[in-house]
Amino acid sequence: MNLEEKPYAHLLDRIMLYVSVFVIMGLSDAAIPILPELSNSELLSNGAASSLIFSTYFIGALLTMLIFGVMSDAYGHRLFIIIGIFLSLLSGIVIIVSDNIWVIVAARFVEGVGCGAFFPAAFAMLSRFEKRGKYFGEFNSLLNLGLAAGMGFAGILVATGTKNGLILFEGLMVPVFMISLMVLVNNGRGDPVSSKDEILSVLFKSRKLFVHTEYFQIWLLSFVLFGSSGVLIALYPDFSIGFLDKGALGMYLASVYLGAMVTSLLAGRLLIRRDNLVRVGLAITGVGALAAVFDPLGLTLMGAGSGLGLVGLVTGVSHLDIEKGLAMGIFNTCTYAGLGMVPLISGLMLSTMGYNGVFMLNVVLLIGMAFLPMGALKKD
């Protein structure tokens, strides 16, 4: 369907994307302040179990984002947005009703698969619009607002019940699912931009794009920016035991996303080269991560830097001469590879390096990335 045939279709798509990303992210992050309570296992330490629950979500996304990105190009982006919302709804129910750590881990994996269906399709849809930089900023701002709301409300509501934050966002997910179905019926699945017969060939093509000399720097930057900043988010609940209560912890962790929300809106409107935007974002993220070792207010600064970095990176990817679903699939795969693998590895390193050592290692990685060449981000 041509969007020009229905002038309001553009607006409906944006409403669907904006509302959905807020609630999906709120539900996913409502588990973070209660990670120690969800991590009751005789086989793993609390730190390792918390990292496992945190990282499994991103591993589920990592394993599916590329294939779903390519399939959304062939079958329609709106269809895969619906699939992502449904899987998030389903996994949230399981996490709420179960107290078994391995069932929770499996549900977080399914939630990650839903994320793998949603994000490449959502970014690909926004890539079609002329004002994509502005819309990426708005989308990322609501993404971070959802993360902040999930973190904050979970920390506040834990006094009334451990999983009440999860229950709140699960309740919001039901009308979001209904809205998305309405948009699907009204606007259709979306115009395919590739053939169903080309899915395997496009996937084979993605192997070359992963190691492409120019593009590899973008994938590496995405991996480190979100992986290393994710380490502090995953481990801070255990690190802060003894000097922060649950309410304060939830608010400080929420400030990561509030900082990113503000800078995402600004980044979408700034007349600054994308590579410079990413450099500044990496440097600020690294300084914020360092400050957070000494004071939790550093988390806000870390979030502000990541917001700048994400908008710079995703806008750069949208200008690459690659099919949009494929490009966003690779980008999100690398982002979630970082979020899935770096916190998990860091959690396993705690026994030898301690929290301060692990945090400092990731600070060095973040600041070091700011000095890499970023030629691919300058492409128009």
Side-chain angles (χ1 to χ4, degrees), residues 15-35 37-39 50 52-62 64-65 80-99 101 103-119 121-122 139-158 160-181 230 233-234 237 246 249-251 253-254 256-258 260-261 332 335-336 339-340:
I15 290 173
M16 175 183 67
L17 292 175
Y18 289 176
V19 174
S20 299
V21 76
F22 172 80
V23 179
I24 288 173
M25 292 294 95
L27 180 62
S28 72
D29 248 31
I32 305 304
I34 59 171
L35 280 176
E37 288 74 21
L38 297 177
S39 305
S50 294
L52 179 62
I53 294 173
F54 179 87
S55 295
T56 301
Y57 170 85
F58 299 106
I59 292 171
L62 162 68
T64 56
M65 276 192 168
F80 282 83
I81 288 168
I82 297 287
I83 292 172
I85 295 170
F86 174 74
L87 291 177
S88 295
L89 179 67
L90 179 64
S91 61
I93 294 172
V94 175
I95 295 172
I96 289 168
V97 301
S98 178
D99 291 320
I101 184 174
V103 173
I104 292 172
V105 167
R108 286 282 287 180
F109 181 85
V110 172
E111 190 177 12
V113 172
C115 179
F118 178 83
F119 275 100
F139 181 82
N140 191 47
S141 181
L142 286 166
L143 181 157
N144 283 285
L145 181 61
L147 291 169
M151 197 88 73
F153 279 110
I156 293 169
L157 293 176
V158 72
T160 63
T162 302
K163 296 184 179 181
N164 280 355
L166 289 167
I167 293 171
L168 170 64
F169 283 92
E170 185 68 14
L172 293 175
M173 187 67 74
V174 176
V176 167
F177 182 60
M178 301 305 295
I179 290 171
S180 64
L181 285 176
I233 298 170
K246 285 294 179 185
L249 172 64
M251 295 309 296
L253 289 175
V256 175
Y257 307 112
L258 291 175
M261 179 188 73
N332 282 283
T335 296
Y336 279 78
L339 284 165

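As the structure is a computational prediction, the values presented were derived from the model and not from experiment. Position 1 is the first residue of the sequence, and the numbers go up from there.
For the side-chain contact (heavy atoms from CB on, under 4.5 Å) with V256, the qualifying choice from D29, L147, I233, N144 is I233, the only one to do so.
Distance OG/S88 to CD/E170: 9.0 Å, rounded to 0.5 Å. Going from atom CG of L38 over to atom CD1 of I104 covers 4.5 Å, rounded to the nearest 0.5 Å. Here the CG atom belonging to L172 is positioned 7.0 Å from the CZ atom belonging to F22, to the nearest 0.5 angstrom. The CD1 atom of I85 sits 6.0 Å away from atom CZ of F118, with the distance rounded to the nearest 0.5 Å. Interatomic distance, F169 CZ to L27 CG, rounded to the nearest 0.5 Å: 8.5 Å. Rounding to the nearest 0.5 Å places CZ of F58 at 10.5 Å from OG1 of T335.
Between I81 and M16, the shortest heavy-atom contact is CD1-CE, 4.0 Å. Heavy atoms only, all atoms of each residue included: G112 and T64 are closest at O-OG1, 4.3 Å. Closest approach of V94 to A107, counting heavy atoms only: CG1-CB, 3.7 Å. Nearest heavy-atom pair, A254 versus G152, reported as atom, atom and distance to 0.1 Å: CB-N, 3.9 Å. When every heavy atom of A30 is checked against every heavy atom of A154, the shortest pair comes out as O-CB, 3.2 Å. For the residue pair I82 and L181, the shortest heavy atom distance occurs at CD1-N, 3.7 Å.
Formation of a donor-acceptor pair under 3.5 Å by the R108 side chain with backbone atoms of S28 is found in this model. Although no hydrogens or angles enter the test, the distance criterion places no donor-acceptor pair under 3.5 Å between the side chain of S20 and the main chain of L17. Distance alone, capped at 3.5 Å, is enough to place a donor-acceptor pair between the K163 side chain and the I95 backbone.
You'll find the side chain of P237 reaches within 4.5 Å of the side chain of L253, heavy atoms only.
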- Query: Stepwise, does the side-chain contact (heavy atoms from CB on, under 4.5 Å) test hold for L258 with M151?
  - Reply: CA-CA 11 Å; L258 291 175; M151 197 88 73; over 6 Å; no
Please assess I24 against V21 for the test side-chain contact (heavy atoms from CB on, under 4.5 Å), listing each intermediate value before the final yes or no. CA-CA 5 Å; I24 288 173; V21 76; 5.8 Å; no
Going through the distances and angles, do L157 and I167 end up as a side-chain contact (heavy atoms from CB on, under 4.5 Å)?
-> CA-CA 10 Å; L157 293 176; I167 293 171; over 6 Å; no
What verdict does the side-chain contact (heavy atoms from CB on, under 4.5 Å) test give for E111 and T56, after you've listed the backbone C-alpha separation in whole Å, the side-chain angles of each residue and the deciding distance to 0.1 Å? CA-CA 9 Å; E111 190 177 12; T56 301; over 6 Å; no
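Around the OH atom of Y18, the shell of radius 6.0 Å holds more than 12 heavy atoms that belong to other residues, nucleotides or ligands. Within a 6.0 Å sphere centred on CE of M261, other residues, nucleotides and ligands contribute more than 12 heavy atoms.
Between F119 and F139, the two ring planes are perpendicular [angle over 60°; tilted spans 30° to 60°].
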